[in-house]
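In what follows, a structure is listed as structure tokens, so that the remarks can point back to it.
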Amino acid sequence: MSAEVEEVVKVRESPLDVSRFELFLKDFRDGRGDFKYRRLINRMVQLRSRSLVIDFIDLLSYDEELATTLLERPREVLELASDAIKQVVKVEDPDYAKTVDRFHARIRGLPETHLIPLRNIRAVHLNRLIGIEGIVTRMSVVKQQLVNAVFRCKDCGSEIEVPQDDSALRKPTVCPTCGKTPKGGFELVHEKSRFIDWQKFILQEKPEDLPPGQLPRSIEVIVKDDLVDYARPGDRAVVTGILLVAKESGRREGPPLFRAYLEANHIEVITKENMDVEITPEDEKRILELSRRKNIHELIANSIAPSIYGYKEIKKAIAALLFGGVPKVYPDGVRVRGDIHILLIGDPGVAKSQLLRYVASIAPRGIYTTGKGSTAAGLTAAVVREKSTGEFYLEAGALVLADGGVACIDEFDKMDPRDRVSIHEAMEQQSISIAKAGIVATLNARTSILAAANPAFGRYLYNRPVTENIDLPVTILSRFDLIFVITDRPNKEEDAKLARYVLDFHRGAYMDVFDYVIPRDLLKKYIAYARRNVRPRLSEEAKEKLVKFYVDMRTKSLDADSPIAITPRQLEALVRLAEAHAKMALSEVVRPEDAEAAIELMSYFLRSVGVDVETGRIDIDVVMTGKPKSQRDKIVLVMDLIKRMVEENNGEPVSKEEVVARAVEKGLDEDTVRKLLEKLHESGELIEPRPGYITRTVM
Ligand code: ADP
Ligand code: MG
């Protein structure tokens, strides 16, 4: 028998005790011959940490029996592991070992068989060590759990130590010193008792894992000690832990029912970089091949919701949104987002919802939701109170859950008033701050938003500016990089084309036409690959093009009565769009043609919504301030006129007809004046104390 075999036999025969685990810690060597856990324990001691992360595969390769027992009887083995770590630390640094009550062996990387989808958790998993992947949606405040109680006998004053566990408080009944039940009872000596931090969070199925039309399942996770506040709402994580049960509260009749929860042993937060889409070397080969195609941009735009006819520009814009620009942090700490936000305003039945659903399905971390949101947290975040326990939780909304991805928000105009306030921060700073009921937190919301809204009057009215057509404050509108108006105007020729296209598509005529569209799976990987690996930089020529366009538009708006055509916000948007266009070809440089593509999209957007309907000029003021310049001028003129007339009339209301006549004298068109007066009346700036007579609310 060789020495190696003898060694294995020795391990097999030894009982499962602390020394067996200690042997693993001291004796295990990784592939390079390094005593990995000796080194890690050494570092743990230096960092004054209490947790040692153990890769399951290491334990399995060293001592299979110990590893499988760990999966089946985790409590027991983790206890051994904890004591074993203490033994090793005692040798390294006896002083430090004394100060720590309990070390934690944290197990990472369970085998596939023990990674259980949330939906499949069943009674057989109880008391086993399992891993669950999900997204953290709610998080409680931090509380302190009593783990070692010291009671004082009120009669004789002696103190009794009572270790506690997860069940109800254990209290002595008889005092060991005086030998009887004290009349005054026992009191808890707080300063001599030991507490650890305790927190609860909800782990929910990832929105993208959800079977269509199903509600997400979730499980409660308890974290203690140094795992507290390790994850945040919105984080995607694999939680390793022991599945336990708690009695369902509040039920008196029926069978004894219990509810499963996970006691966390280890949490691995999945970062934005090692994102969910897996790309194999073969995939990479196909992706690089694809990127070299001459018509790659057209191909990508064609592949966005191919079942939907038309909308060429919108699809190009959505493609840009999917790839995104490059976020920047300037030396002075100012952050500029790389995420592109797009708003679609359109008549009912023009496939807005369809487009959004499609984008959510191919976008990395894409989620589809409506303005109302599906949870109490709505679009941003909220502090909610759980009815059954009365406890406060921080709950993440859609934008936090889509952190690092794309949030497709339908019925954006129906957004909750609370969200209207916090969405500004989410769109520009890409974070959401909340301070309520003792919870103070800032959550990440690095999300691109593709929103759809219905027109305020049910249908888009071209004779009114875009801001009147949509029931959203200008402060929110101005944060979109691009806004598109989609109207449904009957047109025989177009209708026939659409009908033919849709029916052909249903017949499968466009399926598998690789020259026309990229297969969905490949596109998804292509996007993920570009977002992960490509950070294009602006070339000098591209920069010049963008600067020229920007300056041209600004100069056009310089002469006295022309509206301001463009603001620095559009400049940032232009850069993002150009970067996204470069990313589509996996190019590390933003070339002049990328800048041109960005300018084309921007001009299309400006024409589509920014046009001042009265002058026909591009007027970004329509989007930014809510009123086109020319109309604003007219309002000022009319309001000034009324002010003067009322003053002349000793502060009494003046005749409406006279106001109209005087305004017409000043060169305004009668119809316009009447409309303006009506609007000012509606908005409360004018009142009509008696029929036909008006005055200003504020003079
Ligand atoms: P919206 O959200 O704008 O009210 P929907 O997304 O619910 O509209 O679309 C209504 C239906 O009309 C969908 O089945 C959609 O596929 C179809 N439809 C509308 N416009 C188009 C189009 N351009 N191409 C293909 N289908 C379309
Ligand atoms: Mg819809």
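Side chains are part of it too, since the values below use all heavy atoms of this structure and drop only hydrogens, waters and symmetry mates. We count residues from 1, following the sequence as given. We count ligands from 1, going down the list as the structure has it; atoms in each ligand are counted the same way.
- Below 4.0 Å from some heavy atom of Ile308 lie the following atoms of ligand 1, by number and element: 22 (C), 23 (N), 24 (N), 25 (C).
- With waters left out, the protein N, O or S atoms under 2.8 Å from the Mg ion (ligand 2) add up to 1.
- Salt bridge annotation for Glu284-Lys525: absent, with no cationic side-chain nitrogen under 4.0 angstrom from a carboxylate oxygen.
- Checking Thr370 against Asp410 by side-chain atom types alone, no donor-acceptor pair falls below 3.5 Å.
- Taking a cut-off of under 4.0 Å to the non-hydrogen atoms of Pro348, the atoms of ligand 1 that pass are 4 (O).
- Protein heavy atom closest to atom 4 (O) of ligand 1, with residue, atom name and distance, is Gly349 N, 2.7 Å.
- A salt bridge links Arg337 with Asp481: at least one charged nitrogen is closer than 4.0 Å to a carboxylate oxygen.
- Each of the atoms 25 (C) of ligand 1 lies under 4.0 Å from some heavy atom of Ser307.
- Proximity of atom 11 (C) of ligand 1 to the protein is not indicated, since no non-hydrogen protein atom lies closer than 4.0 angstrom.
- A salt bridge between Lys206 and Glu133 is present, with a side-chain N of the basic residue lying under 4.0 Å from a carboxylate O of the acidic one.
- In summary, Glu579 and Lys328 engage in a salt bridge, as defined by a charged side-chain N under 4.0 Å from a carboxylate O.
- Close N/O approach between Tyr309 and ligand 1 is found [any backbone or side-chain N/O within under 3.5 Å].
- Scanning both residues, Thr447 and Asp339, for their nearest heavy atoms gives N-OD2, 3.4 Å.
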Derivation and outcome, ring pair (Phe, Tyr, Trp, His ring centres under 6.0 Å), residues Tyr311 and Phe484: CA-CA 10 Å; Tyr311 302 148; Phe484 293 106; 9.8 Å; no
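- Between Phe323 and Tyr529, the distance from one ring center to the other does not fall under 6.0 angstrom.
- Of the protein's heavy atoms, at least one falls inside 4.0 Å of atom 19 (C) of ligand 1.
- Close approach of ligand 1 to Gln354 is summarised as follows: ligand atoms under 4.0 Å from at least one heavy atom of the residue are 6 (O), 16 (O).
- Polar contact with ligand 1: absent for Tyr311 (N/O pair, distance under 3.5 Å).
- Contacts between Ala452 and ligand 1, counted as non-hydrogen atom pairs separated by less than 4.0 Å, are absent for every part of the residue.
- Enclosure of atom CG in Asn533 by more than 12 non-hydrogen atoms of other residues, nucleotides or ligands within 6.0 angstrom is indicated.
- The distance from the CG atom of Leu482 to the CZ atom of Arg576 is 9.5 Å, given to the nearest 0.5 Å.
- Looking only at protein heavy atoms, the nearest one to atom 25 (C) of ligand 1 is Val502 CG2, 3.3 Å.
- With salt bridges taken as basic N to acidic carboxylate O contacts below 4.0 Å, one links Glu395 and Arg138.
- Distances from atom 21 (C) of ligand 1 to the heavy atoms of Pro306, Ala453, Ala351 put Ala351 nearest.
- Looking from atom 3 (O) of ligand 1 to the surrounding protein, the closest heavy atom is Lys352 NZ, 2.7 Å.
- Within a 6.0 Å radius of NZ in Lys312, other residues, nucleotides and ligands contribute 12 heavy atoms or fewer.
- Atom 7 (O) of ligand 1 has as its closest protein heavy atom Ser353 CB, 4.1 Å.
- Counting heavy atoms from C-beta on, the side chains of Ser431 and Glu425 come closer than 4.5 Å.
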